[in-house]
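I have placed the structure first, in the form of structure tokens, so that the comments after it can refer back to it.
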Amino acid sequence: MNEQELIAAMKIGDKYAFDQFINDYRDYIFTLSMRVIKKKELAEEITQDVFLKIYQNIETFKQASKLSTWIYSITYRTALNYLQQNPQQLQPLPEPKDQSDWTEHKNAWKQISALQDSQASEGLAEHVNIQHILWKGIDQLPYVQGVVITLYYLNQMKIKEITDVIDLPVNTVKTHLFRGRKELRRILLTQFETEDLI
Amino acid sequence: MTSHLSEKDMVDIIESPDLVSYELRQHLDTCQVCQNALDTQQKMHNMLYHLQVQPSNKNYAAILAKKLRQIPAAWLQDSVVYLAIGLLLIIGIYLITSGQQTGTDFWRMQSLKTTTEIQPNNRVLKTIATNISQVMHPLLSWLDAYIQLKLNSVTLIVFSMISLLFYYTIDRLIIRKKLELTFRQ
């Protein structure tokens with residue numbers, strides 16, 4: 001079922017279509033919610049709320065934009081609304097003083113670093129630990145930078161599409177992307193003290 | 001070009017390396033600072049390129065079904081419902097405050113008022129006034145019919161609104177039920 005068929009089926013209340021829709025998007029919505037909320041249980045709740053909103057408003061989706069843009073826009077706004085209602089969540093996470101949080105990843109990092117440049121790319125893709133490392137680092141970024149990086153890399157969105165989701169000008173999104181990558185590199189360098197890969 | 005590449009330039013170069021302007025390329029070839037900055041950005045880009053989704057709770061369907069059951073009055077949040085209730089209230093208030101007075105009632109009262117207020121010895125004037133009222137009385141029955149028609153329209157609107165509200169409520173309840181069944185599976 002392609003995207004247009006999926007939307008049409010959801011609009012007439014096809015339960016299998018909505019089931020497929022949830023399976024397709026739940027991890028992506030959860031991952032994006034995590035960037036804003038940064039707490040797993042709360043991000044799960046936001047994900048539920050997003051699906052409820054989508055279900056209740058799918059009839060109003062006019063396909064002027066891509067379905068994913070509409071979904072992530074709802075996700076971002078829902079998570080932001082939650083933050084506005086619970087401002088204590090806005091406090092940035094402190095960098096862990098206890099380095100044991102990162103220790104478990106240090107061996108994996110060494111293994112990946114030992115790979116030759118040509119192998120490194122493939123090695124990274126296959127390495128489960130690198131995902132934990134990256135998400136852990138991204139979670140220490142300001143939430144807007146985390147959201148931009150997530151939308152750009154995970155969801156493969158263009159800069160213009162990201163501006164539609166988070167409602168910021170193109171140049172601001174580019175700045176967040178640049179600074180997010182730079183800050184993430186700084187965080188990883190602090191933890192792993194190696195420049196082999198980054 | 002003497003100034004270094006901006007953050008925006010770096011993002012553009014990484015996103016579309018083939019579209020780099022001649023000026024930027026020339027600067028990059030000669031500026032070690034910009035080369036280093038671009039190089040670190042490119043490395044992070046390569047690493048992030050492999051970013052994968054974070055898995056969410058697998059019991060998601062059950063949780064959502066539970067959540068749906070916890071919001072029995074969610075449909076009440078819809079503005080359409082508030083609009084319908086508001087219109088019903090306005091119409092109700094109109095019906096109550098407008099009373100039962102019709103055009104005929106009004107002119108009958110005017111007739112009585114005229115005949116009592118005019119001096120009894122001025123018979124001619126009294127007769128004329130009474131006759132005018134009596135002539136107006138049947139004419140105004142047309143107005144009565146119009147008012148009656150208006151009241152019928154109001155009844156029709158009220159009935160339509162109640163039907164719409166009923167349909168909307170049932171529709172929402174059915175959708176919710178369907179969704180609950182879907183996620184219980």
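Residue numbers start from 1 in every chain, and the chains themselves are labelled A, B, ... in the order their sequence lines are given, proteins ahead of strands.
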Heavy-atom distance under 4.5 Å to chain B: side chain of A:Ile159, backbone, both or neither? both
Does B:Thr40 reach the side chain of B:Asn36, with side-chain heavy atoms less than 4.5 Å apart? no
Side chain from CB out, backbone as N, CA, C, O: work out which of these in B:Asp39 comes under 4.5 Å of a heavy atom of chain A, or both, or neither. neither
Gap between atom CG of A:Leu134 and atom CG of A:Leu154 - 0.5 Å precision: 11.5 Å
Checking heavy atoms, do the side chain of B:Glu15, its backbone, both or neither come under 4.5 Å from chain A? both
Ring-plane angle category for A:Tyr76 and A:Tyr143, please: parallel below 30°, perpendicular beyond 60°, tilted otherwise. tilted
Between chain B and each of A:Lys182, A:Lys40, A:Arg179, count heavy-atom pairs under 4.5 Å; write down the option with the most. A:Arg179
Evaluation steps, salt bridge (Lys or Arg N to Asp or Glu O under 4.0 Å), between A:Glu161 and A:Lys66: CA-CA 9 Å; A:Glu161 290 172 326; A:Lys66 282 166 71 177; 3.2 Å; yes
Cationic N near anionic O, under 4.0 Å, A:Arg77 to A:Asp167: no
Is A:Phe178 in contact with chain B via its backbone, its side chain, both, or neither, using a 4.5 Å heavy-atom distance? both
